[in-house]
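Notes to accompany the following structure.
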Amino acid sequence: MELATDILIVGGGTAGCLAAVAAKEARPDLRVTIMEKAAIERSGCLAAGMNAINAYLHPGETPESFTRFVRYDACGLIREDLVLSAAAEINQVVRRVEAWGLPVVKTPQGEYAARGRWNLKIKGENLKPILAAAVRRAEVEVLERVAVTNLIVEDGRVVGAFGLGVRDGRFHAIRAGAVIISTGGAAGLYRPVNPGSGANLGWYCPFNVGSGYAVGIRAGAEMTGFEMRFIALRTKGILCPTGTLALGFGAKQVNALGEQFMRMRYAHVGGEGAPTCYRIHGPIQEHKAGRGPCCLDTRHLDGARVREVKEAFLDMYPGIVLYWAANGIDPSKQAVEIAGTEPYLVGGHCQAGYWIDACRRTTLPGLYAAGDVAGGYPYKFVSGCWAEGAIAGREAAQAGVAAPPRIDGGLVEAEKERVLRPLLRAADADAPTPAEFLERLQRITDEYAGGSSAFYELHGHKLLVAKEELARLARQTEFVAARDGHELLAAHEAFDRLLVARVMVEHLLYREETRWPGFQTRLDHPERNDHRWLVFVNSIFDNDQGRVRMLERPYVQMVPGDRYLPGKGEN
Amino acid sequence: MAVSICRELCRGCGRCVAVCPGDLLALEAGRARLYKERDCWMCLSCAKACPHGAIRGRLPFVLGDTGASIWPEATAEELRWICMHPDGECEEFVLRRREG
């Protein structure tokens, strides 16, 4: 079916909901539509809730001090313009969501209770329904259970998006004056650390499959930072954030010998407060040296405090409380084991995503990006995604471009044929299934592109094998069969992940230094090299040739100070 | 499995089907069914949406012992979580959902 709107927001998650409300506020006369793969009440990263806001500027902090800290955390390389512009809006957007009904934990004096330098505690189990209610109040149209398959590009301008109805199999071509992409990052690029029936119990939302990256890559958008993977340090089994235990409850990281190894071996980069990548690098090195498993030592907590820990986790990962029950784990008597997740690509914790300007415009006219799908600005988290969504929504609305009166029918037919093709092979019993395709992708990346079984470590020789193997897998795309609508979506999700993985491998090959130990450890280039590599590694995909073209963009320092020090704040 | 649905308690209202972020649930003969067990994230959005208490979170066996389960009882203002241990012991937690 065909539909026209003024602003089409693809992905109604953390960033997309704020983009929709901001666009409607800036221009109430415009038609604003969200296209969402699930239902916005419980979609994206916030489906299960959230117990903290981890990017908030407490009194005494400024956008500059925040930017300095983010730069330190990202080992000296960020888009400072993007961080500064979002930081200027973070506090007001948090207050706004609080006004919509989000409970924020306060001191007896009525101030927000700080949990760390940039953190707030929230009771955010219901956070996503609260955002969804604001979207509905703003009279935004919501088209649910429709997954994006491609952008519609005419004469070099993005004029809409194609979508597949995930329940009814209907094909959608939506014309728009502007498109904001906010589909999240990519899980499932690597073999999951939990095997078999636990495979989707990862940290990052497994339904964020990188389609937002893939549609941009196919359309020739410039991408940045795909070599800065995110590997989260999480509790073992059910992969929950360790910040809740470390920042909220004072648990220290220890190795199997009981040593506080971050303090012992990484004091020169900040110890337990080291940049995020070192906090995964440290425990991995302990494992490799035979000093694992590593734990967060929670044995100083009494029964009442353990109850508080459980309450905090119930607001975002209820599974961990069940995991402790099913395994007889009492954190007051036993330290909580921690481990790395499979690697993800995200623009919110790291900086993989669309190359955008301060108005959140991508390199494709008519296309904006916000949230985990947008690059260059790590340490975004929930509040940064809100701020970025609000900027994108406002800018797109103010630009006020009208939707084209029609879409070239040839484009529509070609895309429909591409999307439905795997159904044509449904009767072929020998054809690979989408699940098998994904399994092979994850085997290749795990073995040759630094998955968990390789301690996340990278080497040029192995990356070249990954490149070859992924190109071979790409040639198998045409043989994959889907027997129903669910498998059809799964097939396209697997194809999108493959494309994202191929671009990621090109980025990993290109950056011949180790900028982010743990996230991007190049065994063949183990040092950081600011003389050569203080640049952004970007790429543009040539869809006709099937080749990735690499390019570099200069780093621009806007906030003075040492790029490898966190700066000081009052807290 | 990551969630289990009690066929006796389920009335087939479909609220769980409406919210599942992974589109993993469907109504079958008037009852909800998780037809893609392995794809579940255990966000428990379905269990929170169920007005009949028919859905419980259960850990896949690969991650822990059988017999434990967790489920929420939701009202607009609060969420009461019950976590049952394999020995039948239950822990209860009451969490605020909304400001005011």
Side-chain angles (χ1 to χ4, degrees), chain A residues 37-39 41-44 46-49 98-104 123-126 128-130 144-145 147 166-167 187 194-202 205-207 236-238 307 310-312 314-319 321-329 435 485-486 489-490, chain B residues 1-3 15-24 26 35-49 56-72 74 76-79 81-87 89-100:
Chain A
K37 187 165 80 166
E41 273 68 24
R42 291 283 179 188
S43 64
L46 301 181
E98 184 188 17
W100 290 344
L102 172 68
V104 181
K123 302 287 182 190
E125 173 279 320
N126 212 25
K128 197 66 210 299
I130 289 169
E144 292 179 328
R145 303 289 173 189
V166 303
R167 286 190 174 162
N194 279 329
S197 50
N200 258 13
L201 299 179
C205 173
F207 314 119
K236 186 92 175 158
I238 297 291
R307 261 188 83 79
K310 291 180 180 176
E311 285 170 3
L314 285 170
D315 272 338
M316 62 193 302
Y317 286 91
V321 178
L322 176 62
Y323 179 79
W324 287 341
N327 288 285
I329 294 171
H486 201 279
L489 180 67
Chain B
M1 78 184 84
V3 300
R15 291 189 201 181
C16 55
V17 179
V19 297
C20 176
D23 196 24
L24 310 176
Y35 66 97
K36 285 267 182 177
E37 286 182 8
R38 292 166 72 97
D39 287 356
C40 179
W41 190 27
M42 215 203 272
C43 66
L44 298 182
S45 299
C46 53
K48 291 173 190 171
R56 290 187 179 193
R58 290 183 193 272
L59 210 61
F61 188 70
V62 67
L63 291 179
D65 293 355
T66 188
S69 60
I70 191 165
W71 68 96
E77 283 73 38
E78 63 176 41
L79 195 62
W81 285 100
I82 298 109
C83 179
M84 194 164 89
H85 291 240
D87 61 4
E89 283 280 308
C90 283
E91 288 181 280
E92 267 194 46
F93 304 87
V94 180
L95 305 179
R96 192 156 53 104
R97 304 190 87 183
R98 195 169 276 283
E99 194 55 88

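A, B, ... follow the sequence lines: proteins, then strands. Residue 1 opens every chain.
- When heavy atoms are compared at a cutoff of 4.5 Å, A/Pro129 does not approach chain B at all.
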Could you please spell out the steps behind the side chain to side chain contact (heavy atoms under 4.5 Å, CB included) verdict for B/Leu95 and A/Asp315? CA-CA 8 Å; B/Leu95 305 179; A/Asp315 272 338; 3.5 Å; yes
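- Heavy atoms of A/Trp100 lying under 4.5 Å from chain B belong exclusively to its backbone.
- Heavy-atom pairs under 4.5 Å with chain B peak, among A/Ala39, A/Ser43, A/Ala38, A/Pro206, at A/Pro206.
- For B/Cys83, the part lying near chain A is the side chain, with the backbone staying farther off; criterion is any non-hydrogen pair under 4.5 Å.
- Of the residues considered (B/Ile70, B/Val19, B/Asp23), B/Asp23 shows the highest number of contacts with chain A, using heavy-atom pairs under 4.5 Å.
- With a threshold of 4.5 angstrom between heavy atoms, B/Trp81 approaches chain A through side-chain atoms but not through N, CA, C or O.
- Of all heavy-atom pairs between A/Gly44 and A/Cys205, the closest is O-SG, 3.7 Å.
- The part of A/Arg145 that comes within reach of chain B is its side chain, from C-beta onward, which places non-hydrogen atoms under 4.5 angstrom from that chain.
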Working for side chain to side chain contact (heavy atoms under 4.5 Å, CB included), residues B/Asp39 and A/His486: CA-CA 12 Å; B/Asp39 287 356; A/His486 201 279; 4.2 Å; yes
Take B/Leu59 and A/Ile238 through the test side chain to side chain contact (heavy atoms under 4.5 Å, CB included) and record every step on the way to the result. CA-CA 9 Å; B/Leu59 210 61; A/Ile238 297 291; 3.9 Å; yes
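- Contact annotation for B/Ala18: only backbone heavy atoms (N, CA, C, O) come within less than 4.5 Å of a heavy atom of chain A.
- Between A/Arg42 and A/Ala47, the shortest heavy-atom contact is NH1-O, 2.8 Å.
- Heavy-atom pairs under 4.5 Å with chain A peak, among B/Glu89, B/Glu91, B/Met84, B/Lys48, at B/Lys48.
- Contact between A/Val321 and B/Phe93 at its shortest, heavy atoms only, is CG1-CE1, 4.3 Å.
- Taking 4.0 Å as the cut-off between side-chain N and carboxylate O, B/Glu92 and A/Lys310 do not count as a salt-bridged pair.
- Taking chain B as the reference chain and counting heavy-atom pairs below 4.5 Å, the highest number among A/Glu311, A/Glu41, A/Lys123, A/Arg167 is found for A/Arg167.
- Both the backbone and the side chain of B/Leu63 come within contact range of chain A, each with at least one heavy atom under 4.5 Å from a heavy atom of that chain.
- Here the closest heavy-atom approach between residue B/Arg38 and residue A/Ser197 is recorded as NH1-N, 4.0 Å.
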